[in-house]
Amino acid sequence: RDRSIGEPGMSQPCFHHSFEAQVLADAGRSAVAIEFCDEIVTYGDLDARANRLANYLIELRAGPEVAVGVAVPRSPDLLVCLLAVAKAGAAYVPFDASLPEERRLAMIENSGLALLLVTGNVSEVMPRPGFVIVDLAAAGEEIGRQSDKRPKVPVCDRNLAYLLYTSGSTGEPKGTAMEHSALANLIAWHGAAHKAACGLRTLQFCSIGFDFSF
C-alpha cells in the first residue's frame, strides 16, 4: 500500500482527533464516556489509557499502514485498544479467537499483521507466525509506565483506519481496507444529526467485525 502520510488535520480530522477535541471541550474530561456493568470511564480517563497504550505500541513499531490485530472481549479495554491503535497511526484488524484456525491464518497472512492485542489466555489459542502478541494483562505494568500524553504521529485521513474481513461464505475471506476519511464522515454526520440531543447515549451491541459497529 502506497499512501500519502501528512500531519494530523491536514485535510479533515481523523476520528481519534475528533475524540480528542471532545475531551478538551467544556467539562469534556470529566464527562462519562463509557458505562459497562458497574464500571464508569470518563473521557479524560479513556484518553489517558489510550495514550499510554498507543505510546507502548509505537515502541513496538506500530505506525501508519501497520496492521494491529485486536482480540479483546467487549469491555472498556476494547475501546481503549481501538483508540490506541488509531492514536499510534496504525489500522486495527478485529479478531475472534473462536474462528477456525484456517480462517485466522488467512486473515493474518493477508493483512500482514504486525501486532496482536489480547487479554489473558487468548494468546494460547492464537497462532504466532512472525508477529508480536501483546497480552494486555501481562504487560499492564509496562503499559502503565508509559506517558499519558498524546503521541504525535503524522497520520491523515488517507491512511488506513481498519481492515475488516468477509465471512468467506463464497470462498476465501476478503479484506476491506477503510481509510480514516470515511469513518470521520460517518461520525461527523452522527454528531450533526444528534447535536440537539443532550445526554444522548448509544448501546454498542454489535461485533467490531462489522463495519457499522463504529
Side-chain angles (χ1 to χ4, degrees), residues 14-60 62 68-88 90-99 115-126 132-151 161-162 164 183-184 186-187 190-191 194-195 197-214:
C14 300
F15 84 88
H16 58 289
H17 299 146
S18 297
F19 168 79
E20 291 168 351
Q22 184 69 23
V23 176
L24 294 174
D26 293 342
R29 183 165 293 276
S30 59
V32 174
I34 305 169
E35 292 186 21
F36 180 78
C37 297
D38 294 329
E39 185 176 359
I40 293 178
V41 182
T42 66
Y43 274 91
D45 290 339
L46 180 56
D47 191 43
R49 289 169 62 178
N51 289 338
R52 292 190 190 98
L53 180 55
N55 285 315
Y56 181 74
L57 296 179
I58 290 170
E59 286 190 354
L60 297 177
V68 177
V70 178
V72 176
R74 188 183 307 280
S75 65
D77 281 341
L78 174 60
L79 299 187
V80 169
C81 287
L82 298 182
L83 274 170
V85 171
K87 285 170 173 281
Y92 78 84
V93 185
F95 269 87
D96 183 345
S98 67
L99 292 173
L115 299 165
L116 178 65
L117 307 181
V118 303
T119 54
N121 62 3
V122 177
S123 59
E124 297 176 3
V125 298
M126 296 297 288
V132 176
I133 289 182
V134 177
D135 186 327
L136 298 179
E141 289 188 10
E142 191 172 355
I143 295 170
R145 289 193 294 268
Q146 296 291 322
S147 170
D148 62 1
K149 303 298 182 184
R150 294 168 185 165
Y162 55 90
L164 300 182
L183 183 55
L186 176 63
I187 291 177
H190 277 290
H194 299 295
K195 189 174 183 179
C198 182
L200 182 72
R201 298 184 181 193
T202 299
L203 176 64
Q204 216 300 10
F205 63 91
C206 64
S207 166
I208 61 169
F210 289 96
D211 194 43
F212 56 80
S213 64
F214 242 115

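For reference, positions follow the sequence shown, starting with 1. Since this is a predicted model, take the numbers as computed values, not measurements.
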**Report entry** Residue list, salt bridge (Lys or Arg N to Asp or Glu O under 4.0 Å) with E142, at least two apart or on another chain
**Finding:** none
Report task. For residues V72 and L78, report the shortest heavy-atom separation together with the two atoms involved. Result -> O-CD1, 3.7 Å
Query raised in the report: Can you check whether N51's main-chain N or O pairs, donor with acceptor, with N55's side chain at less than 3.5 Å?
Result: yes
Query raised in the report: What are the two closest heavy atoms between P151 and A54, and how far apart are they?
Result: CG-CB, 3.9 Å
Report summary line: Distance col, row L83:CG vs L46:CG, nearest 0.5 angstrom, shows 5.0 Å
Query - Partner residues of E59 under the side chain to side chain contact (heavy atoms under 4.5 Å, CB included) criterion, sequence neighbours left out - result: Q146
Query raised in the report: Among all residues two or more places apart in sequence or in another chain, which pass the salt bridge (Lys or Arg N to Asp or Glu O under 4.0 Å) test with D45?
Result: none
Report task. Return the minimal non-hydrogen interatomic distance between V23 and G44, and the atom names on each side. Result -> CG1-CA, 4.3 Å
Query raised in the report: Can you name the residues that form a side chain to side chain contact (heavy atoms under 4.5 Å, CB included) with A86, not counting sequence neighbours?
Result: F15, H16, H180
Query - Test salt bridge (Lys or Arg N to Asp or Glu O under 4.0 Å) applied to E39 - qualifying residues, sequence neighbours left out - result: R49
**Report entry** Set of side-chain hydrogen bond (donor to acceptor under 3.5 Å, both in side chains) partners for R52, sequence neighbours left out
**Finding:** none
Query raised in the report: Which pair of heavy atoms, one from A91 and one from V85, lies closest together, and at what distance?
Result: C-CG1, 3.7 Å
